[in-house]
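Let me begin by presenting the structure, written as C-alpha cells, before commenting on it.
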Amino acid sequence: MKRTVTAKATGIAAASLAALFALGACGSDDDPAAEEEMTSEDAMTQEATGDEAESPSEDMAVPELLDFTATTIDGEDFEGASTLGDPTVLWFWEHDCPVCQSQGPAVAALVEEYGDEIDVVGVSGAGLYAASGAEDRAGFVDQTGTGDAVHIEDQDYAIRTAFEVVSQSTYVVLDSEGAVLESGSLSEDDLNAAVESAM
C-alpha cells in the first residue's frame, strides 16, 4: 500500500533532523557533561590511586614487630604500621631516667634535622624508680624539648619485649620496611650515623 507523506510529517522530520545536528554540534571535547561521564570502575581506580599516594604504607606487608597498637601520651591512637615507608627511630625512655633526660637534646636535634624524612617515636615506660603518671610523662617531654616527636605509652613493656629492649635509654633504628638496623644506647654521633644509613 502506497504511503503519502504529508507536509506536516515532512516538517516534523526536518525539525527532528535539525535538532539532531544541533545536539551533535554540542558533543565536542569541551562539553562539561561529557567530561563528567565516568564509569564506577574508573572512579574506584582513581580513588584507590589517590589513597595510595597519601598512604604508601597501606600496600606494604606489616612485619610482626610493627603489628601493634598503642596510645600516645596525649591519648591518641597509634599504630606501629603507620611508620612503614619511612626510616624510624624508636626511643625507649623512662620519665625518671637521668640518661634518658640527657638524650633529649639529641632526639630534638634529630627531629629538627630529619623530621620530614623519618619518624621519631618516643616509647615511655612505667617508671624507673617511681610509677609513671600522665603528668610525669608530659613533664619529661617538656623538659627534654622533644614535643615535636610522637610519644607512645608502653606501661606493660609489651613493645620493649617485642624489640628485645632490656634497659631504658635505648634507641632502635628501623629501615623503611620495618627491619631493625641498629639497637642500643647510642651516642648522638652513632645515632645520626644509623639514621643516615637507614635513609
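A quick note: this is a predicted structure, and the numbers were derived from the prediction, not measured.
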With the 4.5 Å side-chain cut-off for hydrophobic clustering, are L128 and V165 part of the same group?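 L128 does not cluster with V165.
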Check whether V150 and V141 end up in the same hydrophobic cluster, where Ile, Leu, Val, Met, Phe, Trp and Tyr are linked by side-chain heavy atoms less than 4.5 Å apart.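 No, V150 and V141 fall in different hydrophobic clusters.
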So do [Y] and [X] actually touch side chain to side chain, heavy atoms under 4.5 Å?
X: Q103; Y: S185; result: yes
X: L90; Y: L174; result: yes
X: T83; Y: L66; result: yes
X: S176; Y: D86; result: no

For the [atom1] atom of [X] and the [atom2] atom of [Y], what is their distance to the nearest 0.5 Å?
X: Q155; Y: R160; atom1: CD; atom2: CZ; value: 8.5 Å
X: D148; Y: L110; atom1: CG; atom2: CG; value: 12.0 Å
X: T161; Y: D156; atom1: OG1; atom2: CG; value: 8.0 Å

Applying side chain to side chain contact (heavy atoms under 4.5 Å, CB included), can you list everything that pairs with [X], at least two apart in sequence or on another chain?
X: A138; answer: none
X: E177; answer: M60, D175
X: D67; answer: V62

With ring-ring contact (aromatic ring centres under 6.0 Å, His included) as the rule and sequence neighbours excluded, what pairs involving residues 106-158 come up?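 Every ring-ring contact (aromatic ring centres under 6.0 Å, His included) pair that includes a residue of residues 106-158, provided the two are not neighbours, is W91-F140, W93-F140, W93-H151.
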Looking at every non-hydrogen atom in both residues, tell me the closest pair between [X] and [Y] and how far apart they are.
X: F68; Y: I159; result: CE1-CD1, 3.7 Å
X: V173; Y: A198; result: CG1-CB, 4.2 Å
X: S102; Y: P105; result: O-CD, 3.4 Å
X: S169; Y: C97; result: CB-SG, 4.4 Å
X: D154; Y: A158; result: OD1-N, 3.0 Å
X: P63; Y: L84; result: CD-CD2, 3.9 Å

Would you find a donor on one side and an acceptor on the other, under 3.5 Å apart, between the side chain of Q101 and the backbone of H95?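 Side chain of Q101 to backbone of H95: a pair is present.
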Apply side-chain hydrogen bond (donor to acceptor under 3.5 Å, both in side chains) to [X] and list each qualifying residue two or more places apart in sequence or on a separate chain.
X: T144; value: T146
X: Q168; value: none
X: S187; value: D190
X: E182; value: none

For F92, check ring-ring contact (aromatic ring centres under 6.0 Å, His included) against everything at least two apart and list the hits.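 Listed in chain order: nothing, the list is empty.
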Which donor-acceptor pairs under 3.5 Å do side chains of residues 117-127 form with protein atoms, sequence neighbours excluded?
from: S124; atom 1: OG; to: I152; atom 2: O; distance (Å): 3.2

Counting only pairs under 3.5 Å, give me each side-chain donor-acceptor contact of residues 71-80, with atom names and distances, residues two or more places apart or in other chains.
from: T72; atom 1: OG1; to: D74; atom 2: N; distance (Å): 3.2
from: T72; atom 1: OG1; to: G75; atom 2: N; distance (Å): 3.3
from: T72; atom 1: OG1; to: E76; atom 2: N; distance (Å): 2.9

Sort and list the pairs that fulfil salt bridge (charged side-chain N to carboxylate O under 4.0 Å, His left out) and have at least one residue in residues 120-147, not counting sequence neighbours.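 Counting only pairs at least two positions apart or across chains, the salt bridge (charged side-chain N to carboxylate O under 4.0 Å, His left out) contacts touching residues 120-147 are R137-E153.
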